[in-house]
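A short write-up of the structure that comes next.
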Amino acid sequence: MSDVTQSTAKKTPDPVSRRDHMAQITATQAVNLIDKQSAPMPMLQLLNSDGNILNKQYIDAWDKDTALKLFYAMHFTRILDERMIGAQRQGRISFYLACTGEEAAIVGATAGVEMRDMIMTQYREQGALAYRGYTATQFMNQMFSNVLDPNKGRQMPIHYGDKALNFMTVSSPLGTQIPQAAGYAYGQKMSGEDAITLCFFGEGAASEGDFHAGLNMAAVLECPCIFLCRNNGYAISTPADEQFKGDGIASRGIGYGVHTIRVDGNDALAMYVAAKEARAYALKHNCPVLIEAMTYRLAAHSTSDDPSGYRSRDEEAVWREKDPIMRMHRYLQQVGWLHEKALDGFITQTRSDLLAALKFSEKQATAPLSEIVTDVYAEVEPHLQDQLDALQMHVNKYPEAYPNTSQQTAADKQGEGVQ
Amino acid sequence: MSDVTQSTAKKTPDPVSRRDHMAQITATQAVNLIDKQSAPMPMLQLLNSDGNILNKQYIDAWDKDTALKLFYAMHFTRILDERMIGAQRQGRISFYLACTGEEAAIVGATAGVEMRDMIMTQYREQGALAYRGYTATQFMNQMFSNVLDPNKGRQMPIHYGDKALNFMTVSSPLGTQIPQAAGYAYGQKMSGEDAITLCFFGEGAASEGDFHAGLNMAAVLECPCIFLCRNNGYAISTPADEQFKGDGIASRGIGYGVHTIRVDGNDALAMYVAAKEARAYALKHNCPVLIEAMTYRLAAHSTSDDPSGYRSRDEEAVWREKDPIMRMHRYLQQVGWLHEKALDGFITQTRSDLLAALKFSEKQATAPLSEIVTDVYAEVEPHLQDQLDALQMHVNKYPEAYPNTSQQTAADKQGEGVQ
Amino acid sequence: MAQLNLLQAVNQALHTAMKADERVMVMGEDVGHFGGVFRATSNLQSTFGKARCFNTPLVEQGILGFANGLAAQGAKPVAEIQFADYIYPAFDQIVNETAKFRYRSGGQFTVGGLTIRTPYGGGIAGGHYHSQSPEAFFAHVPGIKVVIPRNPYQAKGLLLSSIRANDPVLFMEPKRLYRASVGEVPEMDYELPLGHADLVQEGSDITLVAWGAQVEVVQQAAQKALSHGVSCEIIDLQSILPWDRETVCQSVIKTGRCLINHEAPLTGGFASEIAAVVQSECFLHLEAPIARVCGLDTPYPLAHEKEYMPDALKTFEAIMHAVHF
Amino acid sequence: MAQLNLLQAVNQALHTAMKADERVMVMGEDVGHFGGVFRATSNLQSTFGKARCFNTPLVEQGILGFANGLAAQGAKPVAEIQFADYIYPAFDQIVNETAKFRYRSGGQFTVGGLTIRTPYGGGIAGGHYHSQSPEAFFAHVPGIKVVIPRNPYQAKGLLLSSIRANDPVLFMEPKRLYRASVGEVPEMDYELPLGHADLVQEGSDITLVAWGAQVEVVQQAAQKALSHGVSCEIIDLQSILPWDRETVCQSVIKTGRCLINHEAPLTGGFASEIAAVVQSECFLHLEAPIARVCGLDTPYPLAHEKEYMPDALKTFEAIMHAVHF
Ligand SMILES: Cc1ncc(C[n+]2csc(CCOP(=O)(O)OP(=O)(O)O)c2C)c(N)n1
Ligand SMILES: Cc1ncc(C[n+]2csc(CCOP(=O)(O)OP(=O)(O)O)c2C)c(N)n1
Ligand SMILES: [Mg+2]
Ligand SMILES: [Mg+2]
């Protein structure tokens, strides 16, 4: 028996010439199937539903300014959602996707990292932009795909992106940003930046192969990043229990050797603290940290979706009770930081800002026709120039058939192109 | 505080109308990063290096016939490896890939399942075929890509496949068989078969996205299969510690909610018992089981590889001491089942069988030229018939340039085609 | 006969196939209880049970990997990829596995029972991740078949053939026609042959080749050309791989001119293959260069979607150019 | 000047690029200490450290995902895919991400610094998983460039240009020439322009277009044709996307005939694009149909590799057929 232990649990491999992929493994003589219960994954909660702090150690985790900024960004996001769902119903935009119910998870985590950190998202994280100061007009320009959108109106509504705010342009294919975040963080480390990458995704997207690739590579290649999974119970109509059989996404961290924390995603303080500590840990140890935010998608998947076909009102009601904005509201009341009137003012102001921005943005022109071929390559390659020339001639011949760009084309020629 | 536990650790979700993806989750108020140490993964060992049984409970785990059949298949595999590495050095075949050092993991697991179970492999699992009775000539026909290979010589050496033995034809792209195994097992379940799928792969291949897909889908869709990862420390030159940072592959099972067992892969009895129990469990519960076999690739990756560039002789020597065939040999001696003379006879016979088969197979013709277009589709589509006709005319015009098939073509026409 | 839209025709085909053969199983993201994001799989789960119509986790490579294994076992999986734009994570499983399964095993193992359904194409303000037409990628892959219907009647008949074919089939559904295209669909079980083009309209001056939603675009162009005295023959390819070279070439030999229209980018699109074959087979009959009216060589844009599209006007212009060459 | 083989030239280019710019980083399976399964990355890790030349886990979609992120951050990753046959798991990251990164963000974010290196092609008894030539798939993807060298001199100069280009480049290396192609390679740092074809040999009767390892095949065919009195002009495309339409079309206008040769299957191969453009641009000058001498529409076989290949004899036959059309 001693021989067994020696041969299979050798603890001191020769560092120079001899590897032992079993150095840390001990032996057993019993046939036991290990199951998920063997690694319990409790969820961090710092605020209860009354807004009381549950762990006094975190009483000074943030200051009033941060807490209020975060709270206002949550409100901004909620109001934006309401406004845009309305706009979509009115046929003013083609598509919208709401963050409702997940504001604490997103804004909380964003507040917990630094402005110099890169944020990569899935699509439901407009709260991160709101916290970083993206304006009503900026949101609207993207959603109306007009000439003022720095993404040049090339993608559907909600595919925001802003270089200045370190917010990577959203891409629809799910999960692709996960290994990209690892690579981006590796680049940050290599160029000596004091910054990490914060990468958001849904529990549905975590089923993609890219999730596996990203977490494993980040661990092996020592990338300072935070993987933040919003487990909101649904991927469109697919409930979490048809998505995985493990204990959420957090339990996967163990398998990758990635430090992991599960958090109550409707608790802004817990999200803030978790993100802040995760950031510090990731930077200090050059490693990824996985956060699973347990939350709920109160909204429909998108404006194309009607959840009444796949989940009960009953279930939604339970979660409406757990509204993260409400909880934060109570907390701010408890600690005496809430100025109700200022809040009302902010809400009113935001509503009117958004409406004004909407009215402004929807009137802006489309980017000039020539932009159809730019940014495919660094330069417009000859074959694309030829295609543009032919297209331009065609549009000139049939201006009425292409009303969006035929006018612009004319305007361009007169040097009056919209900027 | 009571409120917290209620809202986040609800244990009795309404079965009809209300889902709760957090029903099993408890709350904590401490910020703790969970790491891989939280789920220890010991390794099942039943034979020590002297061949003594470590757990008397398994003293009758198998009978003499099974043990000897398994042992002979291990020997057959080892001899085949030696012979074919030689053949490759002599330039008789282009490529070979040895199983050496991993015979117990592969043959042990194969012995632990039933003949009616489907086996899908990566490429290093010829021991499974040997156990199931693939003959010397069958091996050789594949490796010489001749007309007698039922796979019709379409793939490189070692891409075995045999329908009669329930052994899926090997495919080079790594990991692709993992989700396929889940689907195959689902099909077995749906058609009411009393059978599972046993799917082998390496710890390197377990990095592929297909691994993630396969394990998760098998768990969610309740597929009766065994995923058997051979963790042999290397993926070509890449050591396991540059492949992952978790505790091997076993620790990932937790995250998928897949029952898992880690086994000493050089211990044939432990592998046999683990596979047998895993099979029973998978069938009974309609679920996957993950087995991680801890072993070592004693051979070079393939005949194209020279491991001296990336690992020490020292390290190899440690593992040569742990030779699975030696351990099994000692065990058989201990229990009095070994007939040394019969073994010598088997070895001598196998050597001469293999040599004879090699000499036979290398002389067999290539499949007829017409086979170049069959099996692309169920029928030869018109465009492929046209391409074949043109090719055949071309070959007829320049027979000396296509010596392999020009003769055959002539032979075919005389109705003398090799069968 | 019932008037159905294209979605309903697909749904009816699935019902018919599942009823006739219990080995037919439908799988994909949200295809279960919900019936798919477009509702193409409505009521399949309630009719045939959760074991035969099931949601998968969100992993396209897994959907195809699983479906390959399931088909190898003898079942007939109909796997949905929610949008053709999201088929690329499954590219390896399709190109290296599905398409080579039979060949590599000498016919011992096949995934001939597999059908992959996916909505494709633009015109729905979807930008470059909800508008792609990736048929050319798959047309370059020996071992699968690629089929595209243009209306409900074809959709049902071709889908039934695809499911029952002994070869794996990629069945691409023009999503902008899902509700827009309505027509008579027999309630009975019928199949339309794969690999055959459909002669939509006879004509004498030029052959127009298209498939899926673009057939209606070239029809409009032909209409306009007719008012300028030009008679167009219109061929709907239906099958992209293998494609009906004979029908196309015979037509071009008759008309002397050829135009191919597709939404995908010009360079390396499937029009290039058709043009390459036609110029070779009809060399002595061509009176003008073969024209390709296709998407630009850019990602599919949003704001400039109208300008990007190979629409009827552009097609008309190219027709007139060919005729006056 | 030193005589190097193609592998050594690639290795030298990588050394040169990494030395000149610390943002250049080499990554992939086994590229580290081991120097890659073909040894193309030999000594990079010992020279530039493990942080700049590193092994990745075995996951192509991750390699490209990681490299996309790294490039977006401003680095210049050179990611190796061990065999082109294994690039498909990364297809989504390349087609939907790499190629659209700049476009979708209006130029705010780009992965222009990315280079993907991969060995491709047959002739090494590799069967269908070690022989594929997947260039046509990528040629249909606006937003990346595809480059293929045919000898050591090109390999170094084109690889340096690719690494430094402001666009993502897929750099495909003809593996059967890795050791077989030897030639003089300047030790200095030099670049060859992307998007330009190389006129290998002037001639008057027919234009032969090829790239990579097939250039030498068409050269052999041209040699044989010459002995039959036929003068061939030979063009090595070098860049597949964008490709040099002008050089090819000018040549065909001169010779009146065109043949394209590639290893990949015929249907939907890149020869079809060239044929489609040439028939259009050179319509009035063509004296024979454009010929395509390509792989069969089957998976790349093993036992019948010789028969499958678009070899010199088949090319010669097609030349003579075109000339006597
Ligand atoms: C690769 C890919 N497959 C499918 C889709 C279609 N799709 C869009 S959102 C979605 C569900 C995502 O669920 P989850 O990741 O949980 O995020 P949530 O919507 O809940 O925030 C699906 C299937 C896609 N965008 N990309
Ligand atoms: C998709 C894919 N990528 C790369 C390769 C090349 N390759 C062949 S074997 C191998 C290493 C596999 O290692 P592992 O899975 O540990 O199996 P082992 O060789 O140790 O048995 C690699 C990288 C491949 N065959 N397929
Ligand atoms: Mg979700
Ligand atoms: Mg290994």
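Below, chains carry the letters A, B, ... as their sequence lines are ordered, and counting in each starts from 1.
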Worksheet item: Relative to chain D, which segment of A:Leu215 carries a heavy atom at a distance below 4.5 Å: side chain, backbone, both, or neither?
Response: neither
Worksheet entry | Nearest heavy-atom neighbours spanning D:Ala72 and A:Met168 | CB-CE, 4.0 Å
Worksheet, complete the sentence: On a heavy-atom basis, the closest approach of A:Asp162 and D:Gln108 is CA-OE1, 3.5 Å
Practice prompt. Could you grab the distance from atom CG of D:Leu241 to atom CD of A:Glu381, nearest 0.5 Å is fine?
Written response: 8.5 Å
Worksheet item: About how many Å separate OG1 of A:Thr176 and CD of D:Gln61, when rounded to the nearest 0.5 Å?
Response: 11.0 Å
Discussion item. Need one label for A:Ala181: side chain, backbone, both or neither, based on atoms under 4.5 Å from any heavy atom in chain D.
Written reply: neither
Fill in: Which of A:Pro173, A:Pro382, A:Pro150 touches chain D most, by non-hydrogen pairs under 4.5 Å
A:Pro150
Worksheet item: Between D:Phe66 and A:Cys223, which heavy-atom pair has the shortest distance, and what is it?
Response: CE1-SG, 3.6 Å
Discussion item. Using heavy-atom distances under 4.5 Å, tell me whether A:Val376 contacts chain D through its side chain, its backbone, both, or neither.
Written reply: both
Discussion item. Can you tell me which portion of A:Phe211 sits under 4.5 Å from chain D's heavy atoms? Options are side chain, backbone, both or neither.
Written reply: neither
Worksheet item: Do you know which of D:Ile63, D:Leu64, D:Thr110, D:Ile144 has the most heavy-atom pairs under 4.5 Å to chain A?
Response: D:Ile144
Worksheet item: Where does A:Ser191 contact chain D at under 4.5 Å (heavy atoms): side chain, backbone, both or neither?
Response: side chain
Discussion item. Under a 3.5 Å distance rule, please check whether A:Tyr186 uses its side chain to pair with a backbone N or O of D:Ala67 as donor and acceptor.
Written reply: no
Worksheet item: Among A:His159, A:Gln188, A:Gln177, which residue forms the greatest number of heavy-atom pairs with chain D at distances under 4.5 Å?
Response: A:Gln188
Worksheet item: A:Asn166 versus chain D, heavy atoms under 4.5 Å apart: side chain, backbone, both or neither?
Response: neither
Item to complete: With side chain to side chain donor-acceptor pair (under 3.5 Å) as the test, would you mind laying out the steps for A:Asp210 and D:Gln93 before giving the verdict?
Response: CA-CA 9 Å; A:Asp210 274 359; D:Gln93 280 286 351; 2.9 Å; yes
Item to complete: Check A:Glu371 against D:Tyr103 and note the closest heavy-atom contact, atom names and distance.
Response: O-OH, 4.2 Å
Worksheet item: Are A:His212 and D:Val59 side-chain neighbours, meaning at least one heavy-atom pair lies under 4.5 Å?
Response: no
Discussion item. Is the distance between the ring centroids of A:Tyr184 and D:Phe109 under 6.0 Å?
Written reply: no
Practice prompt. Hey, could you give me the CZ/NE2 distance between D:Arg245 and A:His383, rounded to the nearest 0.5 Å?
Written response: 7.0 Å
Fill in: Residue among D:Gly62, D:Ser105, D:Ala75 with most heavy-atom pairs under 4.5 Å to chain A
D:Ser105
Practice prompt. Compare all side-chain heavy atoms of D:Gln73 with those of A:Glu193 and state whether any distance is below 4.5 angstrom.
Written response: yes
Discussion item. Please identify, among A:Ala213, A:Gly187, A:Gly153, the residue contributing the most non-hydrogen atom pairs under 4.5 Å to chain D.
Written reply: A:Gly187
Discussion item. Can you tell me which portion of D:Val141 sits under 4.5 Å from chain A's heavy atoms? Options are side chain, backbone, both or neither.
Written reply: backbone
Fill in: Between CG on residue A:Leu221 and NZ on residue D:Lys50, distance to nearest 0.5 Å
9.5 Å
Worksheet, complete the sentence: OG1 (A:Thr169) and CZ (D:Arg102) are apart, to the nearest 0.5 Å, by 13.0 Å
Worksheet item: Which heavy atom of A:Ser171 sits nearest a heavy atom of D:Arg104, and at what distance?
Response: OG-NH1, 3.0 Å
Worksheet, complete the sentence: Greatest number of non-hydrogen atom pairs under 4.5 angstrom with chain A, of D:Lys100, D:Met27, D:Glu246, D:Lys145, falls to D:Lys145
Item to complete: Could you give me the CA-CA distance, side-chain angles and deciding distance for D:Met25 and A:Met190, then say whether side-chain contact (heavy atoms from CB on, under 4.5 Å) is met?
Response: CA-CA 10 Å; D:Met25 298 178 206; A:Met190 287 299 285; 3.8 Å; yes
Discussion item. Taking side chain as everything from C-beta outward and backbone as N, CA, C, O, which of these in D:Asp92 sits under 4.5 Å from a heavy atom of chain A? Side chain, backbone, both or neither.
Written reply: side chain
Response to the item:
On a heavy-atom basis, the closest approach of D:Pro57 and A:Asn216 is CB-ND2, 3.6 Å
Discussion item. If I take atom CD from residue A:Glu379 and atom CG from residue D:Asp167, how far apart are they, to the nearest 0.5 angstrom?
Written reply: 8.0 Å
